[in-house]
Visitor: 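Structure in structure tokens, see below.
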Amino acid sequence: MTATTEHDAAQLARDAGANPVDYLRARGYVYAITDEAGLRRAFEEGTVTAYVGFDPTAPSLHVGHLLSIMMLASLQRFGHRPIALGGGGTALVGDPSGKTSTRAVLSEETIQANLRAILPQFNRFLDFEGGRFGDNPPALLMNNAEWLLPLRYIEFLRDIGRHFSVNEMLAAETYRQRLESGAGLNFVEFNYRIVQAYDFLHLYRVIGCRLQMGGSDQWGNIVAGVDLIRRVEGGEAFGLVCPLLTTSSGQKMGKTESGAVWLDASLTTPYDYFQYWINVEDEDVERLLRLYTFLPEERIAELTSVSGAALREAKRVLAYETTKLTHGEEAAREADAAARALFGRHQDTDALLADASIPTATISAADVEAGLSIADVFVRAGLCSSKGEARRLASQGGLSIDGQRVDDADALFRPQREATLLRVGKKRYKRLIVEEAS
RNA sequence: GGGCAGGUGCCAGAGUGGACAAUUGGGCCUGGCUGUAAACCAGGUGCCGUAAGGCUUCGGUGGUUCGAAUCCGCCCCUGCCCA
């Protein structure tokens, strides 16, 4: 496995005197910038404070948020100040961007709970102490509920609302789509843009934040903030958005059949996280290495100069590096070891069964003795959702135990030893441990 | 507030008293070929059951009927038009 570079790509670029804009562009993060020349100048003139908003609609961030996080992390390596803004207030409003229908309204308690779970996840990516990358200032965590909830309606309408043209907003892609598609748009959602713009204004006023970043679906909202700052304060602020990533086959990044790929280890295990990345398509590896790791350009070029099966090494590095960033080096090493053991050329069942890094389920010895069918066991291990599915898979040749195909899912499960290797399809493995009941 | 049209499986969308666990397409899953890739080909895709069969499902609820996703009442939700 690659030795970790002392200096990552962003720091190298900084040492070489590059403007962060150039780095972000070279890495593929830039989809659009409101005023590129102005932003470059701002970066040259001093420390820029930049923020990205994250709506706490779930108890964890997921891979879809990763690009924005990487942008913040990159800027910090250039000595600028990132702010991760938790949308404790905006989540109550609900962003209609890219949604085809109104999102279910979350309760305030849920949102607060989600926020508490999400904020620590930034720790691995951002430095909240300061100085980890030279003279960088500490990153900040903020929650817009703090200033949005106390807002008074009439005042807000008078001071902020007046700056927004309804005509303009109706013409905006986000809202137009919803209106044209007949999916509907309620007043609360219609206000999302205004509230988000206000966030930017607030951060500009309070800590001089001058840059907001996000996905390209946020462009309109970000521009609205930039405009608001100019109108209200006569200030200069910037927006930068990254492309909305899809895989070569058109899938949204970070989405799988079974849902989002979470950054929380209890929702998506490091093993599964690693597997997500190592399973990317050939055409995507290079782009993803640039976006989701800090590997230097030369290393990426070296890894992706090959084609065909040799690209697997690049994917392994991608998986390792991304897992390391999200879950730490230890977890990355384990996930990598498990992957090698399970998918390596020579499968050694005994070694696999002893390997704790492989996803594991347990079952009590008493249950086994009472008589469990193979289908039952696969269901209990979480590999099948029902016995019917297990039967179906078995009849299609999709189940195996210790490398042996299962023909009859209804046969009694008779483990040879306390550990058994279950497999569904080509890729889903689980180690099953029979435990003496306690 | 009034009028009209709707709410079906992961999604889209047929069905409009029995032949419906529900056509079809997409997605997804499995097998084959492979490199834990793509493309391609084949099969599968509610739950229980070896099977026969049973059970639960078509916004909610209460009816009509031997029988309802399909008919009727009430309620909830969505869209369009009018106010």
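If you're wondering where the values come from, they're calculated on a predicted model, not measured in any experiment. Per chain, numbering begins at 1; letters A, B, ... match sequence-line order.
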Visitor: Starting at atom CZ of A:R312, determine the distance to atom C1' of B:U36, rounded to an integer number of angstrom.
Guide: 8 Å
Visitor: With respect to the side chain of A:E281, which nucleotide from B:A38, B:G35, B:U36 is positioned closest?
Guide: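 Closest of the options to the side chain of A:E281: B:A38.
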Visitor: Work out how far the C1' atom of B:G9 is from that of B:U57, and round it to whole angstrom.
Guide: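 Nearest-Å result for B:G9 against B:U57 at atom C1': 8 Å.
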Visitor: Within a reach of under 6.0 Å around CD of A:E155, are more than 12 heavy atoms found that belong to other residues, nucleotides or ligands?
Guide: yes
Visitor: With P as the reference atom in both, quote the distance from B:A69 to B:A19 in angstrom, rounded to an integer.
Guide: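 Roughly 9 Å separates the two P atoms.
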Visitor: Of all residues at least two apart in sequence or in a different chain, which pass the salt bridge (Lys or Arg N to Asp or Glu O under 4.0 Å) check with A:R287?
Guide: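 Salt bridge (Lys or Arg N to Asp or Glu O under 4.0 Å) check on A:R287 returns A:D284.
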Visitor: Please state how far atom CG in A:N279 lies from atom P in B:C29, giving the value in whole angstrom units.
Guide: 11 Å
Visitor: Would you classify A:L393 as touching base, sugar-phosphate or nothing, given that sugar-phosphate means primed atoms plus P, OP1 and OP2, and contacts are heavy atoms under 4.0 Å?
Guide: sugar-phosphate
Visitor: Determine the contact category for A:A310: base if any of its heavy atoms lies under 4.0 Å from a base atom, sugar-phosphate if only primed atoms, P, OP1 or OP2 are that close, otherwise nothing.
Guide: nothing
Visitor: List for me each residue that meets side chain to side chain donor-acceptor pair (under 3.5 Å) alongside A:T293, sequence neighbours excluded, and say none if there are none.
Guide: none
Visitor: Can you tell me which residue pairs pass the side-chain hydrogen bond (donor to acceptor under 3.5 Å, both in side chains) test with a partner in residues 395-408 of chain A, sequence neighbours excluded?
Guide: A:S400-A:R423
Visitor: Quickly work out the A:D282 CG to B:G35 P distance and round it to whole Å.
Guide: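 In whole Å, B:G35 P lies 12 Å from A:D282 CG.
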Visitor: Do A:R316 and A:Y320 come within less than 4.5 Å of each other through their side chains, counting heavy atoms only?
Guide: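 They are not in contact (no side-chain heavy atoms under 4.5 Å apart), so the answer is no.
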Visitor: Whether A:R391 contacts B:G49 is assessed here as follows: a side-chain N or O lying under 4.0 Å from the phosphate OP1 or OP2. Is that the case?
Guide: yes
Visitor: Which nucleotide, B:A37, B:C48, B:U45, lies nearest any side-chain atom of A:R392?
Guide: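 Minimum distance to the A:R392 side chain belongs to B:U45.
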Visitor: Grab the CG-P distance between A:D272 and B:U36 for me, whole Å please.
Guide: 18 Å
Visitor: Using the P atom as the reference point in each nucleotide, state the distance between B:C72 and B:C82 in Å, no decimals.
Guide: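 One P to the other, the span is 28 Å.
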Visitor: Select from A:D376 and A:E283 the residue whose nearest nucleotide in RNA chain B is closer to the 5' end of that strand.
Guide: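 Nearer the 5' end of the strand: A:E283.
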Visitor: Can you run through RNA chain B from 5' to 3' and write each base as (, ), [, ], | or . depending on how it pairs? Watson-Crick or G-U wobble, both distances under 3.5 Å.
Guide: ((((((((.[[[..)..(.....]]]((((((.......))))))(((....)))...[[[[[..)....]]]]]))))))).
Visitor: With sequence neighbours excluded, what pairs up with A:Y51 under the ring-ring contact (aromatic ring centres under 6.0 Å, His included) test?
Guide: A:F200
Visitor: Atom CD of A:Q396 to atom C1' of B:G43: distance rounded to whole Å?
Guide: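 Atom CD in A:Q396 sits about 6 Å away from atom C1' in B:G43.
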Visitor: On a whole-Å scale, what distance lies between the P atoms belonging to B:U23 and B:G46?
Guide: 10 Å
Visitor: Which residues satisfy the side chain to side chain donor-acceptor pair (under 3.5 Å) test with A:Y29, sequence neighbours excluded?
Guide: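 A:Y29 satisfies side chain to side chain donor-acceptor pair (under 3.5 Å) with no residue once adjacent residues are dropped.
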Visitor: Would you say a side-chain N or O of A:K427 is under 4.0 Å from OP1 or OP2 of B:A37?
Guide: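 Indeed, a polar side-chain atom of A:K427 lies that close.
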Visitor: Between A:S395 and B:U30, is there a contact of a side-chain N or O with OP1 or OP2 at under 4.0 Å?
Guide: no
Visitor: Between atom CD in A:E189 and atom C1' in B:U78, what is the gap in whole Å?
Guide: 13 Å
Visitor: Rounding to a whole Å, what distance do you find between A:K426:NZ and B:U30:P?
Guide: 8 Å
Visitor: When the C1' atoms of B:U36 and B:C55 are considered, how many whole Å apart are they?
Guide: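 Comparing C1' positions in B:U36 and B:C55 gives a spacing of 39 Å.
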Visitor: Taking atom P in both B:A12 and B:G27, compute the distance separating them and give it to the nearest angstrom.
Guide: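 Their P atoms lie roughly 15 Å apart.
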Visitor: Ring centroid separation for A:F164 and A:Y198, is it under 6.0 angstrom?
Guide: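 For A:F164 and A:Y198, the ring centres are not under 6.0 Å apart.
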Visitor: Would you say the side chains of A:Y273 and A:D264 form a donor-acceptor pair under 3.5 Å?
Guide: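 Per modelled atom types, A:Y273 and A:D264 side chains form no pair under 3.5 Å.
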Visitor: Between A:V424 and A:A309, just flag the one whose closest nucleotide in RNA chain B comes earlier from the 5' side.
Guide: A:V424
Visitor: In whole angstroms, how far is the P atom of B:U50 from the CG atom of A:D408?
Guide: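 Going from CG in A:D408 over to P in B:U50 covers 9 Å.
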Visitor: Side chain of A:E389, base of B:U45: donor and acceptor closer than 3.5 Å?
Guide: no
Visitor: For nucleotides B:C74 and B:C80, find the distance between their P atoms and express it as a whole number of Å.
Guide: 25 Å
Visitor: Rounded to whole angstrom, note down the P distance from B:C11 over to B:U16.
Guide: 23 Å
